[in-house]
Amino acid sequence: MSGLVLKLGPRERVLINGAVIENGDRRSRLSIVTPKANILRLRDAIHPEEARTPVRRLCYMTQLILTGDIDPDEAQRQLLRGIEELSRILTDPDSRELLNKATTSLLDGQYYQSLKALRSLIPREDRLLAARQQ
C-alpha cells in the first residue's frame with residue numbers, strides 16, 4: 001500500500017495491521033509507506049448482519065482479510081469467484097472498471113484497494129435491488 005494517505009477526522013478510528021488507532025481532537029493525515037499494510041477505516045466497516053447482498057458479502061470477506069480473521073489465500077479464491085459472478089450482472093463500463101480494479105488489487109495483495117473498488121459498487125447494487133422490488 002505504498003503511498004496511501006488516510007485523512008482522519010477528529011476521534012476517527014482506523015485498524016492498521018491489527019491495531020486500532022484513534023485520531024486526536026483535530027483532523028489529520030497519515031501517510032502509509034509500508035507496502036501491503038492491512039488497513040481498515042472503522043467507519044467503513046461492514047458488520048456481519050449487513051453482509052446480505054452479493055457486493056456487501058464480498059466487501060465483508062475482503063474486510064476479514066484486512067482484520068486478519070481469514071486466510072488471504074482461501075478468501076482470494078472465493079472473492080475471485082464472487083467478482084466473476086458479479087461481472088455477469090454488472091455489465092456497464094463503470095462497474096466493469098471497478099470489478100477489474102478489485103480483481104487486479106486482490107491479485108496484487110492490495111486488499112484495501114480491492115475493498116475500496118468493491119465498496120464503490122454498493123450504491124449501484126442498492127439501485128438494482130430497489131428497482132427489482134418495485
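Along the sequence shown, the residues carry numbers beginning at 1.
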Exercise for review: With rounding to the nearest 0.5 Å, note down the distance linking CD1 in Ile21 to CG in Leu30.
Suggested key: 7.0 Å
Study note, to complete from the structure: The side-chain contact (heavy atoms from CB on, under 4.5 Å) partner of Leu79 among Leu107, Ile65, Thr103 is Ile65
Review point. Could you state the interatomic distance from CD1 (Ile32) to OG1 (Thr34), rounded to the nearest 0.5 Å?
Key: 7.5 Å
**Study point:** Basic-acidic side-chain contact under 4.0 Å: Glu12, Arg43
**Key:** yes
Review point. Side chains of Glu125 and Arg56: does their closest heavy-atom pair fall under 4.5 Å?
Key: yes
Which donor-acceptor pairs under 3.5 Å do side chains of residues 80-87 form with protein atoms, sequence neighbours excluded?
unit_1, atom_1, unit_2, atom_2, d
Ser87, OG, Glu84, O, 2.6

Point to revise | Minimal non-hydrogen separation, Arg13 against Val20, with atom names | key: CD-CG1, 4.1 Å
Check your understanding: Got more than 12 heavy atoms from elsewhere within 6.0 Å of CZ, Arg11?
Key -> yes
Point to revise | Side-chain (Asp69) to main-chain (Leu64) donor-acceptor, under 3.5 angstrom | key: no
Review point. Judged by atom type as modelled, is there a donor-acceptor pair below 3.5 Å linking the side chain of Ser105 to the main-chain atoms of Ala102?
Key: no
Practice item. Please confirm whether the backbone N or O of Ser114 pairs with a side-chain atom of Arg119, one donor and one acceptor, at under 3.5 Å? Key: no
**Study point:** Side-chain ion pair, Arg77 and Asp71, N-O less than 4.0 Å
**Key:** no
Review point. More than 12 heavy atoms of other residues, nucleotides or ligands under 6.0 Å from CD of Glu50: is that the case?
Key: yes
Exercise for review: Kindly work out whether a path of hydrophobic side-chain contacts (I/L/V/M/F/W/Y, heavy atoms less than 4.5 Å apart) joins Leu129 to Leu118.
Suggested key: no
Exercise for review: Determine the minimum heavy-atom distance between Ala51 and Ile46, stating which atoms define it.
Suggested key: N-CG2, 4.2 Å
Revision key, fill the gap. All heavy atoms of Tyr112 vs all of Ile39, minimum pair found to be CD1-O, 3.1 Å
Practice item. Quick one: closest heavy-atom pair of Arg57 and Arg52, and the distance? Key: NH1-O, 3.0 Å
Check your understanding: How many angstroms lie between atom CG of Leu98 and atom OG of Ser120, to the nearest 0.5 angstrom?
Key -> 5.0 Å
Point to revise | Backbone of Asn38 reached by a side-chain donor or acceptor of Asn17 within 3.5 Å | key: yes
Point to revise | Note, Leu6 side chain near Arg29 side chain (heavy atom, < 4.5 Å) | key: no
Point to revise | Electrostatic pair Arg124-Asp92, nearest N-O below 4.0 angstrom | key: yes
Study note, to complete from the structure: Scanning both residues in full, the closest heavy-atom pair of Gln63 with Asp44 reads OE1-O, 4.3 Å
Check your understanding: How about Leu90 and Leu128: do any of their side-chain heavy atoms sit closer than 4.5 Å?
Key -> yes
**Study point:** Nearest-0.5 Å distance that lies between atom CD1 in Ile122 and atom SG in Cys59
**Key:** 4.0 Å
Check your understanding: At what distance, to the nearest 0.5 angstrom, does CG of Leu66 lie from CE of Met61?
Key -> 13.0 Å
Practice item. Give a yes or no on whether the backbone of Gln76 and the side-chain of Asp73 come within a donor-acceptor separation of less than 3.5 Å. Key: no
**Study point:** Heavy-atom pair of closest approach, residues Ala45 and Leu40
**Key:** CB-CD2, 4.3 Å
